[in-house]
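The shown structure was predicted, so the numbers you read here are calculated from the model rather than taken from an experiment. The figures that follow rest on heavy atoms only: side chains count, while hydrogens, waters and symmetry mates do not.
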Amino acid sequence: MEYKIENCNDGDAEYIIDRLVEYNLFQVPAEQEVLFDTVDKKITDDNGKIIAGCVAKMYCWNVAYIDTLWVDSKYRGKGFGTKLLAEIEKTAKAKGCYLIHLDTFDFQAKEFYEKQGYEVFGVLED
């Protein structure tokens, strides 16, 4: 068989993801009606400017993944991250979520998440 490795074009990544989701759901049926449901939240100031936000989604089996949690440097240490995380958890639980996971680097927010009750389940060295 001959083959070649190429860069993906528009739509290729979506096709590849769809095929993996199709396979996964054949192996383990979905537990939620909407396969990928966003639970994003933001905090804005008096002018409507975003000063903190969390991008997260629930997927297939009532599991949530926190992709990004950011707080503007001027507002760090004031509890905004804690408030956002609590809202994400509350929203996800209301939608049937029973597990939330994320990844972070030591220099980012590892200690923050541990203070919120999250536990390390894997480490990539170096």
Side-chain donor/acceptor pairs under 3.5 Å, residues 44-60, sequence neighbours excluded:
residue : atom : partner : partner atom : Å
D45     : OD1  : N47     : N            : 2.8
D45     : OD1  : G48     : N            : 3.1
D45     : OD1  : K49     : N            : 2.9
Y59     : OH   : H101    : NE2          : 2.8

Heavy-atom count check: over 12 atoms from other residues, nucleotides or ligands less than 6.0 Å from E2 CD? no
Give the C-alpha distance, both sets of side-chain angles, the deciding distance and a yes or no for side-chain contact (heavy atoms from CB on, under 4.5 Å) between T104 and Y118. CA-CA 11 Å; T104 189; Y118 287 73; over 6 Å; no
Is the CZ atom of F107 crowded by more than 12 outside heavy atoms at less than 6.0 Å? yes
To the nearest 0.5 Å, how far apart are OG1 in T91 and NZ in K41? 3.0 Å
Please give me the minimum heavy-atom distance between G81 and V71, naming the atom from each residue. N-CG2, 3.8 Å
Heavy-atom closest pair, residues G96 and N62: O-CB, 3.3 Å
Applying the 4.5 Å side-chain criterion to the ILVMFWY set and letting contacts propagate, would L99 and V28 be lumped into a single cluster? yes
Measure the CD-CG distance between E22 and L20 for me, rounded to the nearest 0.5 Å. 10.0 Å
Any idea which heavy atoms bring W70 and L84 closest together, and the distance? O-CD1, 4.4 Å
Would you mind reporting whether F112 and T82 have side-chain heavy atoms less than 4.5 Å apart? yes
Here's one to test your reading of the geometry: is the NZ or CZ of R19 within 45 degrees of the ring axis of Y15 and under 6.0 Å from its centre? yes
Under 4.5 Å between any side-chain heavy atoms of V39 and C97, yes or no? no
Quick one: closest heavy-atom pair of L102 and Y65, and the distance? CA-CE1, 3.8 Å
When rounded to the nearest 0.5 Å, the distance separating NZ of K78 from CG of D72 is 11.0 Å
Validation row: L69, Y113 side chains within 4.5 angstrom (heavy atoms): yes
CG-CD1 distance between L85 and I66, expressed to the nearest 0.5 angstrom: 4.5 Å
Measure the spacing between CH2 of W61 and CG of N24 and express it to the nearest 0.5 Å. 4.5 Å
Inter-residue atom distance K90.NZ - I88.CD1, 0.5 Å rounding: 12.0 Å
